[in-house]
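On a predicted model such as this, the values are computed, not experimentally measured, just so you know. Lettering follows sequence order; numbering is per chain, from 1.
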Amino acid sequence: MENPEIARVFHEIADLLEIKGGDLFRVRSYRNAALIIDGLEEPLRSLYGKNGVEGLKHIPGIGESTRSKVVEMLATGYCAYHDELLREIPAGMLDMIKVASLGPRKAAILHKVLGVSSIDGLERAAREGRIRDLPGFGEVSERKILKGIEALRLISGKWKISTALRCGEAFRDYLKAVPGIFEIVLSGSLRRWKEEVGDLDILATCKDPEAVMDRFLTHPEIKDVLAKGKTKSTVALKSGLQVDLRALDKKSFGAALQYFTGSKAHNVAIRDRAKRMGLKVSEYGVFNSATGKRVAGSKEEDVYKAVGLPWIPPELREMKGEIEAALEGRLPEPLLPEEIRGDLHVHTDESDGGSTLDAMAEAAISMGYEYIAVTDHSKAVGIAHGLDEARILAQMAYVDEFNKHLKKKGERFRVLKGSEVDIRGDGTLDHSEKVLGALDCVVAAVHSGFGMKKGEMTARIIKAVQTGLVNILAHPTGRLLGERGPYEVDMEAVMDEAKKHNVALELNSCPERLDLNDIHLRLAKDKGVKIAISTDAHSINHLQNIVYGIHAARRGWIEKKDVINTLPLKGLMRFLKKG
DNA sequence: GCCGTTTTCGGCCCGACTGTTTTCAGTCG
């Protein structure tokens, strides 16, 4: 078992204990352990492999009991305690508590009194009107359960950040019309630039919060109003996306923004820390616990300052060591858009792009870039009209001409001759050594055989890296969010080899990919492997996707110095030099 | 179950909204 499965088992233990009605602090411990493990950079297996149990001892939130279960799962692939709980509580109840309005207590009552133990059973009971007479339930809760089941079946639960951002911006524009509006901010996981978000959190400050609420609730895309109050409402859109709006007074803006940005685990830690300092943090401000006097609240910076911390960038607020780093003054310097000097992975209409090379270059120039690498597909990717040797040689000649032309115009910008060369099934590259050697920037990537076994895939990629002909390994895990998981590969081994052969790993900025993810980025940084933040643009509009890459990089604690396309052309060319 | 610049025992973030209740428990973020 690996980190995600182990985390899932702890999550389920927490849910099962909660349904069973156990100590809620114990429940929280398991849930916390799951969150921590989910966000761990290094596989538990390798931590355990290197130092045995000792290697697991420094992990915060993992104590004696959970540690022994981790060891058990690594060794045997299962957890006896988890199994034991599943014998007491039907697995279907884990699904039942995912239904909105239904939590562990009510699910337990339904199970105990009606013997319901699955979503289907729950639906039948609700339709037959058997729920309304139960203690704590009524007709309304019965209807809500049916609605909740419907919603659960409808939505996938996760939205790409680009989709959520578009929707959020539309809501922001819509709410701007309210008179006396002060601020409208998209917060929650969107402000943390999480690759996928579960819902949309909007924070508004206004003279008259109720006026904001009124306008919000009449948005034409709303399908259901799930909750509505003076300061807080929740709606479900026709698209299935859920939107929360919180409207508050101006003086609470900073505290509310901090609170509403999350993550939950980060907030709990901040509040816990505040409590120990004799302070109370809520969305209304920071208060002295003894006197009730307000200490901070209008600015987010002041909230952090009040608890003895520097401001922490939203992308880092995932409870992955950011508070310790803040205390020790070693938070990463946030990467800035203007620090990106070029794009090292773009396509043209020679392969499967929609824009010409000239258009791509013009667009890059207008973005203030100093260079782009044109990296069309190689012939193995037939569906993308990949280039054979004759065509890439012709393109290279064209780029030379194009650059000459730019120089004549006094333009400092330069197009680099490149290729997104396919890594074939056997690990060989899809262009000749001669061609690859003559290119400025060789981007290598896997485009087929995603189902390969881990050992085979790792060997395949490492073989390509070892050729000495590759500069950048593109979309290193091959995932497509919501569509295709990452292929099996030993990323640590790939990184070690990349470091040895001066190969950078790509952070693909396409919102469907965002590959590498934050965990791998931190691992790469720790290993000293360089990162190329690229868009894989297939048309001029896609060049703007770099913004997703920049924020994803911040989530991975990546700084300017870790990124090769922050280098000026000269420095970049030195890095790209092969052999 | 975890954890310690009040503590190795006794705490554990904080508040809004809802439905079913006559004062609050459950759910949610």
Trainee: Just one of A:L521, A:L523, A:N517, A:L516 clears the side-chain contact (heavy atoms from CB on, under 4.5 Å) bar with A:I519, so which one?
Mentor: A:N517
Trainee: Compare all side-chain heavy atoms of A:D518 with those of A:R522 and state whether any distance is below 4.5 angstrom.
Mentor: no
Trainee: Heavy atoms only, 4.0 Å cut-off, all strands: where does A:P60 land among base, sugar-phosphate and nothing?
Mentor: sugar-phosphate
Trainee: Base of B:dG29, side chain of A:Y259 - is there a donor-acceptor contact under 3.5 Å?
Mentor: yes
Trainee: Can you see if the side chain of A:K280 gets near the phosphate of B:dC13 - specifically, an N or O under 4.0 Å from OP1 or OP2?
Mentor: no
Trainee: Hey, is the side chain of A:S65 poking within less than 4.0 Å of OP1 or OP2 on B:dG1, counting only N and O atoms?
Mentor: yes
Trainee: Base, sugar-phosphate or nothing for A:T66? Non-hydrogen atoms, less than 4.0 Å.
Mentor: sugar-phosphate
Trainee: In whole Å, measure the gap between the P atoms of B:dT20 and B:dA16 for me.
Mentor: 22 Å
Trainee: Contact class for A:R26 vs. all strands (heavy atom < 4.0 Å): base, sugar-phosphate, or nothing?
Mentor: base
Trainee: For a quick test of reading the model: is some side-chain N or O of A:Y284 closer than 4.0 Å to OP1 or OP2 of B:dA16?
Mentor: yes
Trainee: Under 4.0 Å between any heavy atoms, over every strand shown, what does A:D23 touch: base, sugar-phosphate, or nothing? Just pick one.
Mentor: base
Trainee: Checking base pairs now: Watson-Crick or wobble, both atom distances under 3.5 Å. What partners B:dT8?
Mentor: none
Trainee: Would you indicate what A:V281 reaches in the nucleic acid, counting non-hydrogen atoms under 4.0 angstrom: base, sugar-phosphate, or nothing?
Mentor: sugar-phosphate
Trainee: Think A:Q242 has a side-chain N or O under 4.0 angstrom from the OP1 or OP2 of B:dG29?
Mentor: yes
Trainee: Regarding A:S233, tell me which of base, sugar-phosphate or nothing describes its non-hydrogen contacts under 4.0 Å with the strands shown.
Mentor: nothing
Trainee: Using the C1' atoms only, state how far B:dT8 lies from B:dA25, rounded to an integer number of Å.
Mentor: 34 Å
Trainee: Under 4.0 angstrom, heavy atoms only, what part of the nucleic acid is A:A100 near: base, sugar-phosphate, or nothing?
Mentor: sugar-phosphate
Trainee: What does A:L24 touch in the nucleic acid at a heavy-atom separation under 4.0 angstrom: a base, only the sugar-phosphate, or nothing?
Mentor: nothing
Trainee: Name the nucleic acid region contacted by A:K106, choosing base, sugar-phosphate or nothing; use a 4.0 angstrom heavy-atom cut-off, strictly under.
Mentor: sugar-phosphate
